[in-house]
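Have a look at the structure below, then the notes.
Small disclaimer: the values here were computed from a predicted structure and weren't measured.
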Amino acid sequence: METLIILCKAALVGALTGFPIGAGAARMFHTPKVQGLGSFRTLGELNSCAGDSISHFTFGLGFFFKAWASAVGVGAITSETDHRVLPHWTAAVVLRGKKNPEETLHNPKKMGIIGAIVGAVTVAFLCTTASAIPESLQVVAMNVLAPAANLLIVYVMPAIFWLAAIDAGKRTGFWGTLFGGMAQLIMGNAVPGVVLGIILGKGVDDLGWTRAPKAIFTTIIILFMLSAFFRGSDLTLLTQMHLHHPEWLINLHKMVGQEVK
């Protein structure tokens with residue numbers, strides 16, 4: 001009886017989560033005409049799969065293992081579920097019949113309905129398996145699945161996104177490689193940088209070096225600079241180059257509450 005209650009509640013929560021995620025992801029393709037309701041990275045990751053149903057499914061599957069490990073090991077459904085698994089599995093389902101993204105992936109109504117169904121099934125599976133597995137097996141699952149998922153994110157996903165950037169053209173490949181390398185050095189993962197490179201490269205291909213791509217480029221540079229500063233990458237670089245740390249830079253880091261060694 002307890003399992004049935006968990007199943008019903010999880011299905012309800014999953015449906016209520018999946019509907020806005022699916023519809024919101026589709027609405028992002030219509031900005032700025034309508035208000036987008038999704039994550040910036042989700043849009044880039046959806047675009048990287050190029051409207052291929054299998055690509056969307058396998059992308060979501062990779063992060064599903066990490067989400068499952070978290071649900072089984074610590075009883076928590078992480079953002080990987082609603083941020084990556086549900087949007088991509090919803091896209092995989094709607095793209096099976098018609099390959100045209102304009103009629104499927106970009107349709108908020110279809111994405112919302114399918115997203116509710118996918119969300120109900122996915123969250124119900126995560127919650128019921130997490131509650132049914134004995135505690136001893138939960139520890140084993142966390143120790144096995146979590147490292148495997150981390151290897152996927154750290155090594156496999158950056159390579160997939162980088163290949164997608166290279167395949168999109170010389171300009172997109174250049175920016176994807178450049179920003180991917182910077183992201184790897186600063187953030188420890190190349191995926192955000194490659195996604196930003198894809199967006200900038202495709203924007204320049206479609207619009208040229210007009211105001212919008214220039215604004216995107218400026219924003220990306222500012223984001224990298226802020227990320228490097230708050231992570232202390234600037235001081236680390238100076239240390240590795242055996243250069244003196246300027247007093248004003250040290251004081252600036254201390255001003256924002258960072259401990260400078």
| task | Answer yes if L46 and L61 sit in the same cluster of Ile, Leu, Val, Met, Phe, Trp and Tyr residues linked by side chain heavy atoms under 4.5 Å apart, and no otherwise. | result | yes

| Rounded to the nearest 0.5 Å, how far apart are CG of N189 and CE of M157? | 9.5 Å

| field | W68/T129 under side-chain hydrogen bond (donor to acceptor under 3.5 Å, both in side chains): CA gap, chis, key distance, verdict | value | CA-CA 9 Å; W68 192 20; T129 52; 3.2 Å; yes

| note | For A165 and G176, the nearest pair of non-hydrogen atoms, with its separation, is CB-CA, 4.3 Å

| Hydrophobic cluster membership, V85 vs V121, 4.5 Å side-chain cutoff | no

| Heavy atoms, side chains only, cut-off 4.5 Å: are F229 and I186 in contact? | no

| said: Is there a side-chain contact between L196 and I216 in this structure, where contact means two heavy atoms from C-beta onward sitting under 4.5 Å apart? | reply: no

| query | If every non-hydrogen atom of P87 is compared with every non-hydrogen atom of I21, which pair is closest and at what distance? | reply | CG-CG2, 3.6 Å

| field | Any I160 side-chain heavy atom under 4.5 Å of S55 side chain | value | no

| query | Just wondering, do T81 and L86 contact through their side chains at under 4.5 Å, heavy atoms? | reply | yes

| Please walk me through it: do I166 and T177 pass side chain to side chain contact (heavy atoms under 4.5 Å, CB included)? | CA-CA 8 Å; I166 295 295; T177 303; 4.0 Å; yes

| remark: Here the pair of heavy atoms bringing G193 nearest to A183 is N-CB, 3.6 Å

| request: Determine yes or no for a side-chain-to-main-chain donor-acceptor pair under 3.5 angstrom, with T122 supplying the side chain and V118 the backbone. | output: yes

| Interatomic distance, K170 atom NZ to D205 atom CG [nearest 0.5 angstrom] | 12.0 Å

| field | Minimum side-chain heavy-atom gap L200-V204 below 4.5 Å | value | yes

| remark: Heavy-atom closest pair (P158 atom, A190 atom, distance to 0.1 Å) is CB-CB, 4.0 Å

| query | Just wondering, do F174 and R171 contact through their side chains at under 4.5 Å, heavy atoms? | reply | no

| request: Would you sort out whether I222 and L226 count as a side chain to side chain contact (heavy atoms under 4.5 Å, CB included), showing the intermediate values? | output: CA-CA 6 Å; I222 293 174; L226 291 175; 3.9 Å; yes

| Do M28 and I199 belong together in a cluster built from hydrophobic side chains that touch within less than 4.5 Å? | yes

| F64, F59, F57 screened by ring-ring contact (aromatic ring centres under 6.0 Å, His included) with H88, the one that passes | F59

| task | Check the side chains of H245 and T239 for a donor-acceptor pair under 3.5 angstrom, ignoring hydrogens and angles. | result | yes

| message | Would a single hydrophobic cluster contain both F161 and V156, if residues Ile, Leu, Val, Met, Phe, Trp and Tyr are joined by side-chain heavy-atom contacts under 4.5 Å? | response | yes

| note | For S53 and A92 the tightest heavy-atom approach is OG-O, 2.7 Å

| Can you tell if the side chain of H83 reaches within under 4.5 Å of the side chain of F63, non-hydrogen atoms only? | no

| Passing option when P246 is tested against L252, L238, D234, N251 for side chain to side chain contact (heavy atoms under 4.5 Å, CB included) | L238

| said: Let me confirm one number: the CG-CD1 distance from L95 to I54, rounded to the nearest 0.5 Å. | reply: 10.5 Å

| query | Hey, what do you get for CD (Q184) to CZ (F179), rounding to the nearest 0.5 Å? | reply | 16.0 Å

| note | Between A212 and L207, the two heavy atoms sitting closest are CB-CD1, 4.2 Å

| Do I220 and W209 belong together in a cluster built from hydrophobic side chains that touch within less than 4.5 Å? | yes

| Within a strict 4.5 Å, meaning less than it, do heavy atoms of the M111 and L105 side chains meet? | yes

| Atom pair OG1 (T104) and CZ (R96), whose distance is rounded to the nearest 0.5 Å | 13.0 Å

